[in-house]
Amino acid sequence: MKSRRVSLSHHSLTSKLIAGFALILLVILVLISVTRLSLSNIDANVDANVSSYQTLDKISTLLSSVLTIESGMRGFALTGNNMYLERLDEGSLKIKEVNASLSESDALNAEQVSQLSEFFNIYTDWFANDIEPIIG
């Protein structure tokens with residue numbers, strides 16, 4: 001059997017140039033497709049990262065609000081001055097805002113939702129049993 005070799009020698013210069021440009025165009029189109037796919041993956045990862053940082057910021061606000069409530073409660077319990085109740089109200093309002101914001105968020109997984117629910121149960125119990133009796 002005789003093997004057939006592909007030879008371009010019998011093709012014209014024009015057809016060789018067209019084939020060369022077509023090959024270059026094909027390579028460019030493949031590179032564009034791969035680049036677009038990579039950029040869309042990067043974009044999705046950046047969005048997930050931003051969402052994580054926003055969630056962490058909200059959790060940090062929860063901690064700060066609990067500390068604000070605690071210091072307001074302590075100040076009122078020690079002095080009886082109603083000015084400290086403003087801090088308590090401020091912290092409570094912020095916790096409600098963050099709770100509403102986190103409840104609407106899709107960024108949390110099932111375990112995080114469970115932990116957040118447990119936090120709010122503990123917070124509600126703490127507020128009802130420890131703070132409200134003190135402030136009357």
Side-chain angles (χ1 to χ4, degrees):
M1 274 193 145
K2 215 176 189 184
S3 68
R4 286 184 114 190
R5 289 179 33 192
V6 176
S7 173
L8 294 176
S9 61
H10 65 280
H11 293 288
S12 70
L13 181 61
T14 305
S15 63
K16 290 178 188 177
L17 284 174
I18 290 173
F21 284 124
L23 182 62
I24 291 171
L25 185 60
L26 179 66
V27 168
I28 289 173
L29 289 175
V30 167
L31 288 173
I32 288 172
S33 298
V34 168
T35 302
R36 286 184 63 102
L37 181 65
S38 295
L39 288 176
S40 67
N41 286 341
I42 289 171
D43 192 38
N45 288 336
V46 166
D47 288 345
N49 197 18
V50 167
S51 179
S52 294
Y53 277 108
Q54 289 171 340
T55 302
L56 286 172
D57 184 50
K58 290 173 186 175
I59 299 298
S60 177
T61 301
L62 283 178
L63 176 62
S64 172
S65 298
V66 167
L67 293 174
T68 300
I69 291 170
E70 182 185 23
S71 77
M73 180 193 68
R74 225 176 317 122
F76 179 76
L78 290 173
T79 66
N81 189 339
N82 287 341
M83 133 181 128
Y84 291 103
L85 294 179
E86 291 174 15
R87 291 185 52 91
L88 194 138
D89 292 338
E90 174 187 322
S92 267
L93 182 64
K94 197 67 171 170
I95 284 181
K96 289 176 185 172
E97 289 173 4
V98 171
N99 183 21
S101 175
L102 286 172
S103 297
E104 296 170 359
S105 175
D106 316 358
L108 302 177
N109 62 34
E111 183 181 345
Q112 291 168 329
V113 169
S114 172
Q115 290 174 348
L116 201 57
S117 177
E118 183 180 348
F119 166 81
F120 285 112
N121 289 338
I122 291 170
Y123 165 76
T124 303
D125 183 57
W126 174 61
F127 202 88
N129 295 325
D130 294 334
I131 295 177
E132 286 181 352
I134 292 173
I135 61 176

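Along the sequence shown, residues are numbered consecutively beginning with 1. Given the structure is predicted, the values throughout are model-derived calculations rather than measurements.
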Test side-chain hydrogen bond (donor to acceptor under 3.5 Å, both in side chains) applied to [X] - qualifying residues, sequence neighbours left out:
{"X": "Thr124", "result": "none"}
{"X": "Ser15", "result": "Ser12"}
{"X": "Thr61", "result": "none"}

If you look at every heavy atom in Ile95 and Ser65, which pair is closest and at what distance?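 For Ile95 and Ser65, the tightest heavy-atom pair comes out as CG1-CB, 3.4 Å.
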
Count I, L, V, M, F, W, Y as connected when their side-chain heavy atoms are under 4.5 Å apart, and connections chain through other members. Are [X] and [Y] then in the same cluster?
{"X": "Ile69", "Y": "Leu67", "value": "no"}
{"X": "Met83", "Y": "Met73", "value": "yes"}
{"X": "Ile59", "Y": "Val113", "value": "yes"}

Partners meeting side-chain contact (heavy atoms from CB on, under 4.5 Å) with Val50 (sequence neighbours left out):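 Once residues adjacent in sequence are excluded, the partners of Val50 under the side-chain contact (heavy atoms from CB on, under 4.5 Å) criterion are Val46, Gln54.
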
Qualifying residues under side-chain contact (heavy atoms from CB on, under 4.5 Å), relative to Ile28, sequence neighbours excluded: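 Here the qualifying residues are Ile24, Ile32.
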
Would you mind listing every side chain to side chain donor-acceptor pair (under 3.5 Å) that reaches into [range], with sequence neighbours excluded?
{"range": "residues 25-49", "answer": "none"}
{"range": "residues 71-83", "answer": "Ser71-Arg87"}
{"range": "residues 109-121", "answer": "Glu111-Gln115"}

What side-chain donor-acceptor pairs closer than 3.5 Å can you find for residues 128-136, not counting sequence neighbours?
unit_1	atom_1	unit_2	atom_2	d
Asn129	ND2	Asp125	O	3.3
Asn129	ND2	Asp125	OD1	2.4

I need the full list of ring pair (Phe, Tyr, Trp, His ring centres under 6.0 Å) pairs touching residues 51-101, with sequence neighbours left out, sorted by first then second residue.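 Those involving residues 51-101 do not exist here.
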
Does anything in residues 100-136 pair up under ring pair (Phe, Tyr, Trp, His ring centres under 6.0 Å), and if so which pairs, sequence neighbours excluded?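 Residue pairs passing ring pair (Phe, Tyr, Trp, His ring centres under 6.0 Å), neighbours aside: Tyr123-Phe127.
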
Got a second to check how far [X]'s [atom1] is from [Y]'s [atom2], nearest 0.5 Å?
{"X": "Ser51", "Y": "Leu56", "atom1": "OG", "atom2": "CG", "answer": "9.5 Å"}
{"X": "Glu90", "Y": "Thr68", "atom1": "CD", "atom2": "OG1", "answer": "6.0 Å"}
{"X": "Ser101", "Y": "Leu62", "atom1": "OG", "atom2": "CG", "answer": "9.5 Å"}

For Lys58, which residues count as a salt bridge (Lys or Arg N to Asp or Glu O under 4.0 Å) partner, sequence neighbours excluded?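 Result, salt bridge (Lys or Arg N to Asp or Glu O under 4.0 Å) vs Lys58: none returned.
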
